[in-house]
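Order of the sequence lines sets the chain letters (A, B, ...), proteins ahead of strands, with each chain counted from 1. Keep in mind that the numbers below use all heavy atoms, side chains included, and drop hydrogens, waters and symmetry copies.
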2 protein chains.
Amino acid sequence: MKSVTKFVKVVTNMGHRKIPESTISRLFVYLREIASLANMNIRTISSGELGERLNLSDAQVRKDLGYFGQFGVSGSGYDTNELKAALEKILGKNKTWNVAVVGVGHLGSALLTYPGFKEHGLNLVAAFDSDARKIGKEISGVTIEAFENMPKAVKNNKVSIGVIAVPAQRAQEVADKFVSAGIKCILNFAPTSLNVPEDVKVKDVDLSRELETLSYFLAGKK
Amino acid sequence: MKSVTKFVKVVTNMGHRKIPESTISRLFVYLREIASLANMNIRTISSGELGERLNLSDAQVRKDLGYFGQFGVSGSGYDTNELKAALEKILGKNKTWNVAVVGVGHLGSALLTYPGFKEHGLNLVAAFDSDARKIGKEISGVTIEAFENMPKAVKNNKVSIGVIAVPAQRAQEVADKFVSAGIKCILNFAPTSLNVPEDVKVKDVDLSRELETLSYFLAGKK
DNA sequence: CTTTCTTTGTGAAAAGTGTTACAAAGTTCG
DNA sequence: CGAACTTTGTAACACTTTTCACAAAGAAAG
Ligand SMILES: NC(=O)c1ccc[n+]([C@@H]2O[C@H](COP(=O)([O-])OP(=O)(O)OC[C@H]3O[C@@H](n4cnc5c(N)ncnc54)[C@H](O)[C@@H]3O)[C@@H](O)[C@H]2O)c1
Ligand SMILES: NC(=O)c1ccc[n+]([C@@H]2O[C@H](COP(=O)([O-])OP(=O)(O)OC[C@H]3O[C@@H](n4cnc5c(N)ncnc54)[C@H](O)[C@@H]3O)[C@@H](O)[C@H]2O)c1
């Protein structure tokens, strides 16, 4: 095993260029794949091979990584362990985030019981519902609290991401309370457009719309 | 009430122009909002007001609709009932689609019990699992069948959309079986890249990645 | 009917995102 | 070592999507 000091640029967001959100999203996919490769003791991989595994072009892989530095070696590709470490640094995988869920119905319960989040540094630390029958119950080690307690609990638990899993008519009031509790990131499952201050980032996951959009293209084919 | 015959272009995808997928996705949002407005007896709305409700620009609204025809009236905006009808026609809301779910765990169960899909013309008609203890059980009127039965059941039930809600390591085999059963549209919840023929459309919903991507931007702010 | 105001529909410009293409760097092998 | 290969990093190009901006259409008011 060679022991050579290398001077590879590993700078988080180098020249203050604007990075597409789609790039960030793909970086997480690269990391997942690279971690799996490293785990299988595969030492290097080229952008072409990586892209093939993920259904992306080689150029896309190189361009995405290129936003953050130079991680590859001409002629042989990327060292999986090095790239894994670099991606973990870029994506802040050393940090963990506390997440609160409001609405412990079917979807909220599924999220709370999913063991995969922890592996990604996402800790679901609190859950809230307005249904008195659910309050006090425990799910995956989290005790369901009254919705009214949410702002206090968010502060006590240092929650930085809020998940909305209540019916659409209730979603805006939950969002408002998240905002007033200081939450800056919201994942919203309710099929409705939330109004929040512009420093708050909302990501909508609208499952009906995903299926409907799929069906539209199906209709076009027939 | 005036009774005037109007010659408004209501043609589905007029000049064979390519329509962005994001436009289609937004049209479903417009329809949801317009239906709600029509229901509240609001008769007309301008692109500006509609955009404001949905956090979109007026130009975006007009351009999206413009792909399919001319639905507005200068000076007053869009008639909610007319636009609702037009959008329903464009989006094929007269049709219904049969959907099959493979993997009746936490997420699969949540989907099967969600009453909202039916309102969107999405019928979850079949569910499959490989766990012998689950087979034969009923969820929201759907009896869970053995995974092996899937291709036959897909054909018998005229299923056109498949949902994958199994662990990542099992997702590819489920996708393969969907493909061999003739499915052309797949909604995939497993955090893995599926390989399918190019005439099959896969839509990934990766909840961990959504949360992680949110957290990335959170990290950038601090 | 005319003026004023509102709002549409749509080319043209701008911004954003992905692909192509290739010089430069590094590897492999005789 | 040198020739033949492989692969990176990125500038230039191509394509997609959004925003701008305004003429034209219609509404409203007197
Ligand atoms: N389950 C699905 O497959 C699915 C699919 C598409 C969309 N969605 C959307 O996701 C959201 C959640 O869906 P679900 O199936 O889990 O619903 P659900 O009805 O099973 O659960 C909703 C929960 O929210 C709680 N709640 C209601 N108002 C509240 C409030 N103000 N504060 C706190 N809690 C409140 C209810 O008590 C209930 O426990 C809904 O907006 C739904 O439209 C769900
Ligand atoms: N639940 C969540 O909140 C969540 C969050 C992020 C991602 N996901 C992903 O969604 C998928 C489903 O998650 P879940 O929480 O519902 O998992 P789960 O473990 O609760 O359920 C998975 C189900 O799939 C069944 N199954 C396994 N192999 C099968 C096969 N070959 N054919 C048919 N059925 C099979 C299992 O018997 C089980 O019932 C997973 O890929 C998971 O990574 C879930």
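- Side-chain nitrogen and oxygen atoms of B:S57 include at least one within less than 4.0 Å of the OP1 or OP2 phosphate oxygen of D:dT19.
- Straight-line distance from the CG atom of A:L54 to the P atom of C:dG18: 15 Å, rounded to whole Å.
- More than 12 heavy atoms of other residues, nucleotides or ligands shown are found within 6.0 angstrom of NZ on A:K93.
- Contact annotation: B:R62 reaches the phosphate of C:dT8 (side-chain N/O to OP1 or OP2, under 4.0 Å).
- Of the side-chain N and O atoms in A:Y78, none sit less than 4.0 angstrom from OP1 or OP2 of D:dT6.
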Side-chain donor-acceptor pairs under 3.5 Å in residues 50-59 of chain B, sequence neighbours left out?
from, atom 1, to, atom 2, distance (Å)
B:R53, NH1, B:E33, OE2, 3.0
B:N55, OD1, A:N195, ND2, 3.1
B:N55, ND2, A:L194, O, 3.0
B:S57, OG, B:Q60, N, 3.0
B:D58, OD2, B:R62, NH1, 3.4

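- Distance, A:D64 CG to C:dT19 C1': 13 Å, rounded to whole Å.
- Rounded to whole Å, atom P of D:dG26 lies 16 Å from atom CZ of B:F71.
- Helix bend of the helix from C:dC1-D:dG30 to C:dG30-D:dC1: the angle between its two end axes, each built from five pairs, comes to 20° after rounding to 10°.
- Atom CD1 in A:I19 sits roughly 15 Å away from atom C1' in C:dG18 (whole-Å rounding).
- B:Q70 has no side-chain polar atom (N or O) that falls below the 4.0 Å cut-off from OP1 or OP2 of C:dT8.
- Distance CG (A:L65) to P (D:dT10): 11 Å, rounded to an integer number of Å.
- For the pair B:S47 and C:dT8, the criterion of a side-chain N or O lying under 4.0 Å from OP1 or OP2 is met.
- The interatomic distance linking A:Y67 (OH) with D:dT10 (C1') rounds to 11 Å, in whole Å.
- Which of D:dA27, C:dT20, C:dT19 sits closest to the side chain of B:V73 comes down to D:dA27.
- For the pair A:V125/A:V159, a side-chain contact is recorded, criterion being any heavy-atom separation below 4.5 Å from C-beta on.
- Distance CZ (B:R26) to P (D:dT19): 8 Å, rounded to an integer number of Å.
- The side chain of A:K63 sits closest to C:dG18 out of C:dG18, D:dT7, C:dA12.
- Protein atom CD of A:E49 is 7 Å distant from nucleotide atom P of D:dT7, rounded to whole Å.
- Between the side chains of B:D79 and B:T44, no donor-acceptor pair is found at a separation under 3.5 Å.
- Checking side-chain atoms of B:N188 against main-chain N and O of B:A190 turns up a donor-acceptor pair under 3.5 Å.
- Across all strands shown, B:S22 has heavy atoms under 4.0 Å from sugar-phosphate atoms exclusively, and none from any base.
- When each of C:dG18, D:dT18, D:dT7 is scored by its nearest atom to the side-chain atoms of A:Q60, the top-ranked nucleotide is C:dG18.
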Using distance only, find each side-chain donor-acceptor pair of residues 105-118 of chain B under 3.5 Å and give its atom names and separation, not counting sequence neighbours.
from, atom 1, to, atom 2, distance (Å)
B:S109, OG, B:G105, O, 2.6
B:T113, OG1, B:S109, O, 2.7
B:T113, OG1, B:A110, O, 3.1

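- Residues B:S46 and A:E21 both approach DNA chain C. Their nearest nucleotides, taken by heavy-atom distance, put B:S46 toward the 5′ side.
- At a threshold of 4.5 Å between non-hydrogen side-chain atoms, the residues B:K184 and B:D199 count as touching.
- A:S25 and B:R209 form a side-chain donor-acceptor contact under 3.5 Å, judged by distance and modelled atom types alone.
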